[in-house]
Every structure is written in structure tokens, then in C-alpha cells.
Protein chains: 4
Amino acid sequence: MTVARAGGRPPKKEAVRADGIDRRARLLAVAAELFATQGYAGTTVRDIADKSGILPGSIYHHFSSKEDMLDVILRDFLSPLYEGFSEIERQGDDPREALSKLIRVSFAWIVEAPHAVAVYQSESDNLIGQEAFEYVADYSLKIEQIWLRVLTAGQTSGVFRPDLDIKVSYLFIRDSIWSSVRWYRPGGQLTSESVAEEFLALAFHGLL
Amino acid sequence: MTVARAGGRPPKKEAVRADGIDRRARLLAVAAELFATQGYAGTTVRDIADKSGILPGSIYHHFSSKEDMLDVILRDFLSPLYEGFSEIERQGDDPREALSKLIRVSFAWIVEAPHAVAVYQSESDNLIGQEAFEYVADYSLKIEQIWLRVLTAGQTSGVFRPDLDIKVSYLFIRDSIWSSVRWYRPGGQLTSESVAEEFLALAFHGLL
Amino acid sequence: MTVARAGGRPPKKEAVRADGIDRRARLLAVAAELFATQGYAGTTVRDIADKSGILPGSIYHHFSSKEDMLDVILRDFLSPLYEGFSEIERQGDDPREALSKLIRVSFAWIVEAPHAVAVYQSESDNLIGQEAFEYVADYSLKIEQIWLRVLTAGQTSGVFRPDLDIKVSYLFIRDSIWSSVRWYRPGGQLTSESVAEEFLALAFHGLL
Amino acid sequence: MTVARAGGRPPKKEAVRADGIDRRARLLAVAAELFATQGYAGTTVRDIADKSGILPGSIYHHFSSKEDMLDVILRDFLSPLYEGFSEIERQGDDPREALSKLIRVSFAWIVEAPHAVAVYQSESDNLIGQEAFEYVADYSLKIEQIWLRVLTAGQTSGVFRPDLDIKVSYLFIRDSIWSSVRWYRPGGQLTSESVAEEFLALAFHGLL
DNA sequence: GATGAATGAGCGTTCATTCAT
DNA sequence: TATGAATGAACGCTCATTCAT
């Protein structure tokens, strides 16, 4: 792309493919942003095409359907998210450190892929029961199991308070973190890290 | 309705009006449920009509538009919600007690009007910038100010930890609570009160 | 209506019928005005009801349909219009005088029943071919025949110019007159009579 | 269209664009005809689509709304109409000749674009007050001013009778001419020119 | 007579998607 | 790949009309 092509030769296959990948990635980014801000049902294929500078029909050269775009957005988010959480668990830190890592990684994702996070948070409920999106619930469950194992270990080892309902605590913590995608804006006074630390302080020690 | 009508006399105007109010209320309940579960954009007027056993056109005798239904649902929720929070603040309890009350009342609303809560949570972002729904942001702000005053008072009086960012803490707490509408099911093992107590324990004392 | 009714007795049948006739007449007047200004297709039964201070359903106690209202408006206009023209022809004036009378009566109708004139002018074309409105074309034809007889007699007797196409002249004159309902406003500087005289001057002597 | 394409080559972009323009033009022609015969309010988008052999939704690839079609029809008619009248005034003929030209051009338009004329005549009253159609009244006014200037000049120079009210005479003449679109059928015994001459004779010299 | 809720057909319009070019 | 025209289903909504009260 930055290398001059001499003699007006037609673009190489390499370049074409790069363009194609770019176009596809750009379409996904636009779709994710619109799905995140207007909702999936509230976003039209024309919206995506307009914002991408192409015509609606052209989108179907890259994706088989609007639903397909949602599918790719969710897979591209959930797969590395799960892998990241798995990797943390595999590292075998003590529960307090493991939980801190899970939380910090979550906040990192909110900065890294805010639109995907927002789409996941807003739409995953609506997708329950749709065969093509079963994997969303599967990932959610496997992620939940990782967190629950860490929390349980912490309670067993006595580092977390014994009187808390682990499952309920997890749900409160999970929603607290992911919901912050709706109000956290990078570039403001709060860095992603400081939000994570703020949350850790609150979650570990409470208000009192 | 519970009083027997002697002699088979036709229902009085009272009864007719009750029917009308009932129908309207039933339509609102159906709409709220569908908006909550499928999203506002994902719900069609036909969906509401079908589930209510009438024809789509008949809805327009009771509401001027689909948007009007959303409007009524949100107003009917936000107005008493705000009033309830205001009343708590007016009672002048110490900050810890006041916050406990705010939290317990919030969880009570989730049981009382889960669909309205879910609609408020899911749709209020999309409504920003729509003149007809400015009041939603207004109420949200006024509610936020009540919570922030209580939290600030608690920090000033030394009962809440001084190192927390009040605004950020509020946002975490708020989202934690309202998001539970997505997973809490009354009638299960957890009563509404026990969820509130669980949350209070977590929020006040933390995991450690 | 102005006579006090003693003892709270219910209104007599006479009064009731008068009310009924009034209501019907008022509905017709409102309908005619709306049909004239918005067109028949562009006027809703609700428009008529709103402007009459009743509910749409109540109109059907007085008229069997919206079309029925149009029917009554046109009949109430066309029948006396035709009778008036017939009477003029029957008077046996010389053609110039007869034509003057036809023209003056036409302008009188525009003041007397401007809405009916406008409805007749705007809608009669659309009604061609509708069995229920055949009488409109019938009246139009019979009226045309009266005018043509007068014009032909005038040409035969030498008072009207021999080189004019009688039929075409009639159509020009007819449309000129009836169209003035769209711009003539009684109460302004021009009286109905002066418009008629202006037209007579133009039609009889021309611009030159 | 008249040039043979050798070798069965597929149509070039030129042809595609021509198709597009054709389709749009054909839709406009159909819409104008239906608006003229059934009225704008009395014509459905489905009517236009049916008569054009396409589906209702396809119309929206060419026009943004039904109202847009009316807008294009009126603009495409009024703009050249006004330009034609302007050009006549610019030629600086004596008033009698100028008026003759205005009248002859008007009748030519009735043959050239009868549907647009009929739509203009029937609907322009209903459009008053609609911001998007202000230009219709603007054009009408500017056209009226041209005619009034010619008539006034004729009266000043003594060629037109001094006792006529110029404005009223204009309105009678205008409506006479445009209304003929409702009855004049080209291809019959009367040519467009002969109708114009008939009208000129009547308007200039009168019946007597 | 009037009401108000309901009907069922149809309105203008939008949508995701297809496909010849 | 991109285009632009088309599709067919569905959308939110309006309409004339009905009818029990």
C-alpha cells in the first residue's frame, strides 16, 4: 500500500486481498459501532453501507447477511475473550491475584473493543434460543465457570468472605464491569487502568 | 368487579370505563414485556396486538403511536421511582442507612416492574437526543444527584472510604443493581430481599 | 330554543326533529366545506366529525356513508341549479337576455353555495363511470343543452357572431364562470353582481 | 435506440443509464396521468406501481415519496411554462400580439403536457401553505404578473377596452384556458391551434 | 342519537436480500 | 467487487365503517 507501483501495472493479488480484507474489516467495524449505538434491530444494512461509503448490495459480497455480520463480531470478540480468561486461570495465581487479572483484562477489553462488548451485552439476551447463536451462551457459560472457580477457590482458601453467594456475587461483578462500556470514555480523565483499580478497590474492600 | 350485580342489569358507565382502563393497562403490560424481551425496535405493533388478542389498528384507540407506548411505560416507571428516591433523601437518615434504603427500594422495583426496568435500562441510551424523551435523561440526572449526595455525605462523615471516586462508584453500583433485572427471577430460591442483602454485603464490605 | 321550558319537561318531538335536521344540515355544510377545500378523497370522516364537534361514528346516524354525503351535497346543488336554468329558458327572453340571466344566476350560485359549486367542479370528473353518480353527468348534459339552445338561438337570430363554435364557446364560458369560485371571495371589494357584469362585458364585447 | 448494436454486445453503461432515466420518466408519466384523472389523494402508490408493472417498493428507488413525484411533475411543468411566458414578454411585441402568443403557448402546453396541466390546476389550491410547495404559488404569481403587465399595457395603449377590470379579466381568461384540459382531446376534429383561435376570437371580440 | 372501542382493508414506506450488468 | 434496480414481505399507521352500550 505504501510501496509505489511502477508502470501502472495492475495490483497484485496480494494487494487485492489486502484491500479486500481491509474492506471487510472496515465493514465489521462500522457494523459493530452501529449495532452498539443503535442496537442490532435498529441498524439497517443501508446504515452500514452509507457509513462505509458503498451501496447496500455490495455488503453481500463480504457477508452473507446482516446476521452474519453480528455473528462475526461476536465470535471475534468471544473467542479471544475466553482464551484470555483461560490463560489467566492456567497461570495458577492465587485467587485474589487471579481475580484481579480477570477484572483488569475485562476492562482492557472495554477499551480495546468497546463496540463488540456493547453488542455482546445488549444483544446476547435476544439471541438465546437461536440455533445459530448457541455458541454465545456456550462461551458465556464457560467464562462464568472460570470466574466461579476462581471465586470459589478464594472462598475455600479463606481469602474471600465465606458468607457471600458466589454465583450472585459473580453476576453483580460481571454486570458492573461490562456495563461500564456504556459510560467509560477513553481519553477523558480516567485511564482504563484507573477505572479497573477503582473497581478492584470497591469490589475487594467495599464502601465502608 | 367483586360486587355482584343484582337482576342482570347492564354494566354502568363505571364498568365501561374500567374496561377501557383495563384494556389500556393490559396493552401497556404486554408492550412492556415485549419491549423488555425483544427490544423496542425488535417489537412490532402486530406483536403487541397479537399477544393482546386485538387487531393492530385497535391499538391506536388507546395510544397515538408505538412510541407513545414506550413513553407511557417510561414515565409511569420513572416518576414514582424518582419520587421514592426523593422521599428517602427527605427522611434524613444517616448516609449508610439512606444508601441501604435506596438500594433496597431499587431491588423492590425490579420485582415490581421488571419489564419497565429492563426497557429503561436497554433503551434509554438510544433515546438520548430525542426531544420527546428528554425527560428520561432529566430523571436519570436527578436520580443520580440524589445518590451522589448520599454517597458524598457518607464520605464526608467518614462512614464511606475516602479514597473512592464517588461518581465512578455510583455508576458501578447503579449498573450492578439494574442489570440484575436480566437474571433475577422471582419465585426461585432467592427472594428479592435476600438479593438486596447480598448486594449490600458486597457493596459495603467487599469480597475480602 | 329561546322559549323557556317550564318544569323541566322533555323537549317536544318538534324540537327534537328540528335539532336533528339542524345537525344533519350542519354536517352537510361542514362536509361540503371540507370536500371543497381538501377534496373528497383528501377529507376523512374524522375531519368532518371533528369540525362538527361529534365523533366519527355518530355521522352514520345521519348518513349511510361518506359517499352518501357527497351524493346529498351534489343533488341538493344540481337539482335547483337545473330548475333555475330551466325556468329561465321557459321565460322565453331573447337569446341575449336569456344568456345574461343564465350567467347572472350562475354567479349567484357561487355566492349562495360556493362549497357545493367547488365540489361539483372538482369531483364530477372523478365520478364519471360510477353508477351511483350517473345523475351528475345527466344534469350536466341537460344544463349544457339549455345553454347550447340559447347560444344557438342567438347565433341563428344574428345577435351572436356566426363564426364561433357554439359548443366550444359554451365550454369556455362555463369553466370561466364556475372556476371563479376558486378565487372570488364575497365581502371584498367586488360584489357578486359586479363580477357578473364584468364577465358579461368581457363575454359579450371582448377585450378589444 | 435507433442505432443497431452489432455483434450482440451487451448494452453499455449508456444504455443502462438510459434505462434508468426511461424508467423514471415512465413512472412520472404514469403518476401524472393518475394524479390528473383520480386526483393526488385518490391515487395510491400501488396504482402507480401496478400501471408501471413494478412493485410499490421499487418506486422508492426513483423517488423518495409519493409527494416527491408530485413535486417533480409540478416543477418540470412550471419552470418551462414560466420561462416560455417570460420569453414572450421579452420579445416586446405589441400587447395584442403578446397576449395572442401567451394564449397560444398555453394551449400548446395543454396538448404537450395535459396531465401536468390538470394536476397543476386541480392540486395547486390544496398545496397552499405547504412549505415544500411554496414555489407553486411563487410561479403562479410571477406568471400572473407577466399576464397582468401585458393586459395593462394593452389597456394603456388603448388597444384593450378601458372599462375592464384587468385582474378579473385575467382570472377569467386563465381559468378558461387551463380548464379546457378537462375537455379538449387531441386527435378529434379540433386541432390545438383551432381551439386557440376559437378562444382568441371569443376573448378579443366577444360573442356579440 | 351519541359514544367509544373495534374491525379489516389498505395506506405510504422501509427492509434485507437478490441479481444482471 | 461494485452497482443500481428490483423484489416481496413486513412495517407503523389511517381509514371508512360497525355496533354494543
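Residue numbers start from 1 in every chain, and the chains themselves are labelled A, B, ... in the order their sequence lines are given, proteins ahead of strands.
In terms of position on DNA chain F, the residue among S58(A) and K66(C) whose nearest nucleotide sits closer to the 5' end is S58(A). DNA chain F is contacted by both G57(B) and L27(D); L27(D) maps to the nucleotide lying nearer its 5′ end (nearest heavy atom per residue). Of the two residues contacting DNA chain E, namely Y40(D) and P56(A), the nearest-nucleotide position lying further toward the 5' end is that of Y40(D). When the nearest nucleotides of DNA chain E are assigned to I59(C) and A41(A) by heavy-atom distance, the more 5′-ward of the two goes with I59(C).
One can place CD1 of I54(A) at 14 Å from P of dA16(E), the figure rounded to the nearest angstrom. Distance CG (L55(C)) to P (dC19(F)): 18 Å, rounded to an integer number of Å. Atoms CG (L70(D)) and C1' (dG12(E)) sit 14 Å apart, rounded to a whole Å. In this structure, the CD atom of E67(A) is 15 Å from the C1' atom of dC15(E), given to the nearest Å. Regarding R24(B), its CZ atom lies at a distance of 13 Å from the P atom of dA6(E), rounded to whole Å. Rounded to whole Å, the distance from CG on D22(B) to P on dA6(E) is 11 Å. In this structure, CZ of R46(B) is placed 11 Å from P of dA9(E), rounded to the nearest angstrom. Atoms CZ (F63(C)) and P (dG1(E)) sit 12 Å apart, rounded to a whole Å.
The two residues E123(B) and F35(B) have their closest heavy-atom pair at OE2-O, 4.5 Å. Here the closest heavy-atom approach between residue A116(C) and residue F77(C) is recorded as CB-CB, 3.8 Å.
We find the CG-NE2 distance between L28(A) and H62(A) to be 10.5 Å, quoted to the nearest 0.5 Å.
For the pair Y120(A)/I73(A), no side-chain contact is recorded, criterion being any heavy-atom separation below 4.5 Å from C-beta on. With contacts defined as side-chain heavy-atom distances shorter than 4.5 Å, the pair Y40(A)/V119(A) does not qualify.
Residues D47(C) and T44(C) have side chains that bring a donor and an acceptor to within less than 3.5 angstrom of each other.
Between R23(C) and the phosphate of dA2(E), there is a side-chain N or O to OP1/OP2 separation shorter than 4.0 Å. Residue Y60(B) places none of its side-chain N or O atoms closer than 4.0 Å to OP1 or OP2 of dT14(F). Proximity of H61(D) to the phosphate of dT7(F): no side-chain N or O atom is located under 4.0 Å from OP1 or OP2. Here H62(B) reaches the OP1 or OP2 of dA6(E): one of its side-chain N or O atoms lies under 4.0 Å away. For the OP1/OP2 pair of dG12(F) and a distance below 4.0 Å, the side-chain nitrogens and oxygens of S65(B) include no atom meeting the criterion.
With both pairing distances under 3.5 Å, dA5(E) is matched to dT18(F) as a Watson-Crick or G-U wobble pair. With a cut-off of 3.5 Å on both Watson-Crick or G-U wobble distances, the partner of dC11(F) is given as dG12(E).
T43(A) comes within 4.0 angstrom of the backbone, heavy atoms only, and of no base.
Set against dC11(E), dC15(F), dT13(E), the side chain of T44(C) has dC15(F) as its closest nucleotide.
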